[in-house]
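Working notes, structure below.
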Amino acid sequence: MKWSETYIPTLREDPAEAEIVSHKLLVRAGYIRKLAAGVYNYLPLMQRVLTKISNIVREEMNAAGAQEILMPVLHPAELWQQSGRWQTIGKELMRTKDRHDRDLVLGGTHEEVVTNLIKGEVRSYRQLPLNLYQIQNKFRDEIRPRFGLMRGREFIMKDAYSFDRDEESFKISYQKMIDAYSKTFSRCGLETKIVESDTGAMGGKAAHEFMVIVDTEGGENIIFYCDKCDYAANMDKASSISETETEKEDAQKPLQKVATPGAKTVEEVTAFLNVSAKKLVKTLLYKADGEIVAAMIRGDRQINEIKLKNSLKCIDLEMADAPMVEKITKAAVGFAGPVGLKNVKIIADEEISQMKNFVTGANQDNYHFINVNVGRDVKIDSVSEIRNAQTGERCPRCKKGVLLTAKGIEVGNTFMLGTKYSESLGASFIDQNGKEKPFIMGSYGIGITRTAQAAVEKFHDERGIIWPASIAPLSVEILPLNVNDDKQREVAFQIYRKMKERDVEVLIDDRDERAGVKFNDADLVGLPLRINVGEKSLKEDKVEIVVRRTKEVISIKPEEALEKCVELLGSL
RNA sequence: CGGGGUGUAGCGCAGUCUGGUAGCGCACAUGGUUUGGGACCAUGGUGUCGGAGGUUCAAAUCCUCUCACCCCGACCA
C-alpha cells in the first residue's frame with residue numbers, strides 16, 4: 001500500500017472534539033472522523049483494524065461451534081413489545097417510524113429477532129445446542145455519546161445467541177463462549193479480567209463482563225476484585241462484607257430531637273454534632289414507578305441505584321426532586337429522616353440493621369434526631385444491599401481477601417438469559433420425553449469498535465499508537481526518507497515489492513515529505529515495525545528496522561530486512 | 001433531561017465586553033532553495049462569522065428564538 005494513494009488524513013494538533021487519549025490518537029492518526037455525536041466514519045486504516053479484529057472473533061466463534069448469520073438492523077416494534085423491552089429499555093432504544101406511521105426499531109441487540117428466527121423451525125432437542133452469531137452495526141440512543149467509539153450511538157458489535165435444552169447443557173455452552181472470549185481478546189493482544197455484572201434491561205439470571213484494565217481516563221468502569229481469590233465484579237454488582245464496628249454500647253438511648261441550624265449535608269451535620277459519618281444515616285427519597293420510596297444508607301456510603309432498582313423490582317427509578325421532598329418530609333431538602341414518615345415504603349441498606357443510636361433528619365427544618373434505633377423508632381419495610389462496595393472491604397466470596405479496585409473498559413459481555421425471551425416470544429421445542437419446553441438462552445457480545453479503541457487506550461505513548469501486531473492495520477511501514485533520491489527510492493521499493501510477494505502487509509510512505517514529517521506520522525499511525533531507508537545508513541549499505549514498541553533500532557543489509565521483519569513479527 | 005461551555009477558512013484559534021475594511025498559525029496552490037525527527041523564501045486562493053428574526057445609518061459583535069457540538073451529572077456496552 002502506498003501512502004500517497006491512501007486516505008490517511010493525519011493531524012498535527014489534537015482535535016477539539018476529543019478528550020481521552022485513544023480518541024485523540026484515532027482522530028489525529030487518520031483512523032476515524034466524526035459524522036455526528038457518537039457516529040463515526042471508519043477510514044482505510046481503521047477498516048483494516050476492524051477487519052482484523054472481526055476475523056479473530058470469527059475464527060474463535062466458529063471454533064466454538066457458533067455459526068455466522070446476518071440479521072436485519074430494522075425491526076418491527078411488535079417483537080419488542082412482545083418481549084416487553086419496548087417499555088423496559090425506554091429511551092435508549094433507537095426508534096423510528098415508516099411512512100405508514102408504523103413503529104420500527106433500529107436494533108441494538110437481537111434477542112427478539114433471533115428467537116423469532118428459530119421459533120417454529122427448531123422443534124426438537126436433537127437440533128440443540130445451537131449458537132448463531134453476527135457482526136453488525138448496532139444502534140443505541142445513548143443519553144450522552146462520548147469518548148469517540150467508546151460510547152457511540154452507532155457501533156459495530158459481534159452478538160451471539162445460544163439455545164439449549166436444559167441448564168446442564170447451557171452451562172457448557174456458556175463456558176464455551178467464556179473460553180472463546182478469553183482466547184479472542186488474548187489474540188488481539190488484550191488481557192481481560194472477567195467480572196460479574198448486573199443483567200440490566202437484558203434480563204436473565206447472571207452476567208459477566210470482559211474488562212481491559214487501564215490506568216488512563218478512558219477506563220470508565222470501576223471494578224472490584226479480591227486480592228486473595230478470583231472474585232471480581234463491576235460497581236453495580238460488587239458485594240462486600242462491611243467492617244461495621246460492633247456497637248459497644250448495647251443499650252438503646254432515648255430518641256432525642258436536636259437543633260442543627262443550617263446543617264444539611266452529611267459533612268455539615270457530622271461537624272455540627274461532632275459525630276462520625278458512620279453514625280449518621282442518610283435518607284434518600286426516590287420515585288419508583290410512581291411510588292415514593294425512602295432509602296436509608298450509612299452517611300459515609302454511596303447508594304447504588306442499580307442495586308436499589310433491582311431490590312425494588314421497579315422499571316423506572318429517579319430521585320425525588322426538591323418540591324417532592326419538601327411535600328413528603330414537610331421540610332427542606334437535607335432534613336429527611338425515616339422517623340414518622342407516612343405512606344412511604346422504607347428500604348434500608350443491610351448495614352443499617354447493625355447500627356444503634358444513629359443520627360437522622362427529623363423531617364423538620366434545622367432539626368435532626370439522635371439515638372435513632374431500628375424497630376423502636378423506625379419500621380423498615382425491607383432490607384437489602386443497596387450501597388456501593390468500597391476499596392478495603394472484605395471479599396464476599398472467600399471472606400479473607402480484601403477488595404481492590406481498578407479501572408476497566410468493557411469489551412465483551414455474556415448473559416445467562418434463561419427463558420426470558422423464549423417464553424415471552426413463545427419459542428419452544430419438544431424434549432426427549434415429548435414435553436414442550438422453552439429454550440434456555442444465552443447472549444454474548446463483543447464490541448468490535450470498542451475493542452479497537454481499548455487497544456489504543458492501552459497501547460500508546462506520547463508519540464502515538466502502538467498496535468499489537470495481530471490487529472495492526474499493516475505490519476511494516478517503509479520510509480524512503482527522501483523520495484527524490486533515486487538510490488533510496490530503489491532500495492525502499494525493492495523491499496516493498498519483496499514484502500508484498502511474501503504477503504507481509506506493508507505501507508510505504510512514498511510522499512515527497514521531509515523525514516521529520518514521515519517519522520512523526522509513522523509514530524502516530526503506530527505500525528509494529530518501521531524501516532528507515534536514508535542516506536546515512538545506505539552509505540554502509542544498511543537500512544534500519546525500528547520496533548515501534550521498544551524503539552529498538554536494528555541496522556541491517558537491505559536484502560536481509562524482509563526476513564528479519566518476518567522474524568520480529570512472529571514475536572510481537 | 002439538569003448544570004457549564006463552544007460554534008469565525010480544511011484543522012487549531014484570536015476578534016464579541018466597548019457595533020464601523022474579517023484576522024493569525026497550520027494546511028492548500030505555484031516557483032525556487034532545502035532534505036535523518038513536523039524546513040525556508042516569494043507569490044496566491046480560501047469565509048452564507050451555525051441558522052432565522054429583530055435593533056441600528058451600520059451587526060461576527062447588541063436582543064430574541066433556534067440548531068449543532070463539547071464537558072460534568074443521571075443512563076449504559
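Throughout, a chain's letter reflects where its sequence line sits, starting with A, and its residues are numbered from 1.
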Check the interface with nucleotides 66-68 of chain B: list each N/O to N/O pair with the protein under 3.5 Å, or write none.
none

* Given that both distances must come in under 3.5 Å, which nucleotide forms a Watson-Crick or G-U wobble pair with B:C69? -> B:G5
Just the atom pairs and distances: protein N or O near nucleotides 4-10 of chain B's N or O, under 3.5 Å.
none

* List the steps, then state whether side-chain hydrogen bond (donor to acceptor under 3.5 Å, both in side chains) holds for A:Q175 with A:D179. => CA-CA 6 Å; A:Q175 191 58 43; A:D179 295 343; 3.0 Å; yes
* Do we get A:R549 above A:W467's six-membered ring, with its NZ or CZ under 6.0 Å from the centre and within 45° of the axis? -> no
* Which is true for A:N221 with a 4.0 Å heavy-atom rule: it touches a base, it touches only sugar-phosphate, or it touches nothing? -> nothing
* Asked: With a 4.0 Å cut-off on heavy atoms, is A:D485 in touch with a base, just the backbone sugar-phosphate, or nothing at all?
  -> nothing
* Salt bridge A:D300-A:R298, side-chain N to carboxylate O under 4.0 Å -> yes
* According to the Watson-Crick and G-U wobble definitions, with both distances under 3.5 Å, which nucleotide is paired to B:G37? -> none
* Asked: For B:A60, which nucleotide in any strand shown is its Watson-Crick or wobble partner with both distances under 3.5 Å?
  -> none
* State the pairing partner of B:C26; accept Watson-Crick or G-U wobble contacts with both distances under 3.5 Å, and report none otherwise. => B:G10
* Counting side-chain heavy atoms from CB outward, which of B:G36, B:C69, B:C75 is closest to A:I143? -> B:C75
* Between A:K138 and A:E154, does at least one N-O distance fall below 4.0 Å, as a salt bridge requires? -> no
* To do: Determine the interatomic distance between C1' on B:G19 and the same-named atom on B:G5; round to the nearest Å.
  => 25 Å
* Could you please name the partner base of B:A74, counting Watson-Crick and G-U wobble pairs only when both distances are under 3.5 Å? => none
* **B:G37 phosphate, OP1 or OP2, under 4.0 Å from A:R463 side-chain N/O** => no
* To do: Decide, yes or no, whether a salt bridge links A:R450 with A:E220 under the criterion of side-chain N to carboxylate O below 4.0 Å.
  => yes
* Rounded to the nearest 0.5 Å, how far apart are CD1 of A:I478 and NZ of A:K2? -> 12.0 Å
* Cationic N near anionic O, under 4.0 Å, A:R85 to A:E111 -> yes
* What does nucleotides 25-35 of chain B look like as a protein-contact string, B for base, S for sugar-phosphate only, - for none, at under 4.0 angstrom between heavy atoms? -> BSS------BB
* Assign A:I448 to base, sugar-phosphate, or nothing according to its heavy-atom contacts below 4.0 angstrom with the strands shown. => nothing
* Asked: Is A:E59 salt-bridged to A:R187, cutoff N-O under 4.0 Å?
  -> yes
* **Distance between C1' atoms of B:U46 and B:G23 (Å, rounded)** => 13 Å
* To do: Any strand is fair game: report the nucleotide pairing with B:U46 by Watson-Crick or G-U wobble, both distances under 3.5 Å, or none.
  => none
* Mind checking A:E19 for me? I need base, sugar-phosphate or nothing, with any heavy atom below 4.0 Å counting as a touch. => sugar-phosphate
* To do: Check whether NZ of the Lys or CZ of the Arg A:K193 lies under 6.0 Å from the centre of the six-membered ring of A:F210 and within 45 degrees of that ring's axis.
  => no
* So what's B:C17 paired with, Watson-Crick or G-U wobble, going by both distances under 3.5 Å? -> none
* Asked: With respect to the phosphate group of B:C69, does any side-chain polar atom (N or O) of A:R144 fall under 4.0 Å of OP1 or OP2?
  -> no
* Asked: In terms of side-chain geometry, is the basic nitrogen of A:D349 or A:R387 positioned less than 4.0 Å from the acidic oxygen of its partner?
  -> yes
* Could you pick out which residue, A:K542 or A:L35, lies toward the 5' side of RNA chain B when each is mapped onto its nearest nucleotide? => A:K542
* A:E477 and A:R548 ion-paired at < 4.0 Å -> no
* Across the strands shown, which category fits A:E142 at heavy-atom distances under 4.0 angstrom: base, sugar-phosphate, nothing? -> base
* Asked: Using a cut-off of less than 4.0 Å, is there contact between a side-chain N or O of A:K309 and OP1 or OP2 of B:C75?
  -> no
* **First of A:P15 and A:E220 reached from the 5' end of RNA chain B, by closest nucleotide** => A:P15
* Basic-acidic side-chain contact under 4.0 Å: A:E68, A:R58 -> yes
* Considering only NZ, NE, NH1 and NH2 on the basic side and carboxylate oxygens on the acidic side, decide whether A:D461 and A:R463 come within less than 4.0 Å. => no
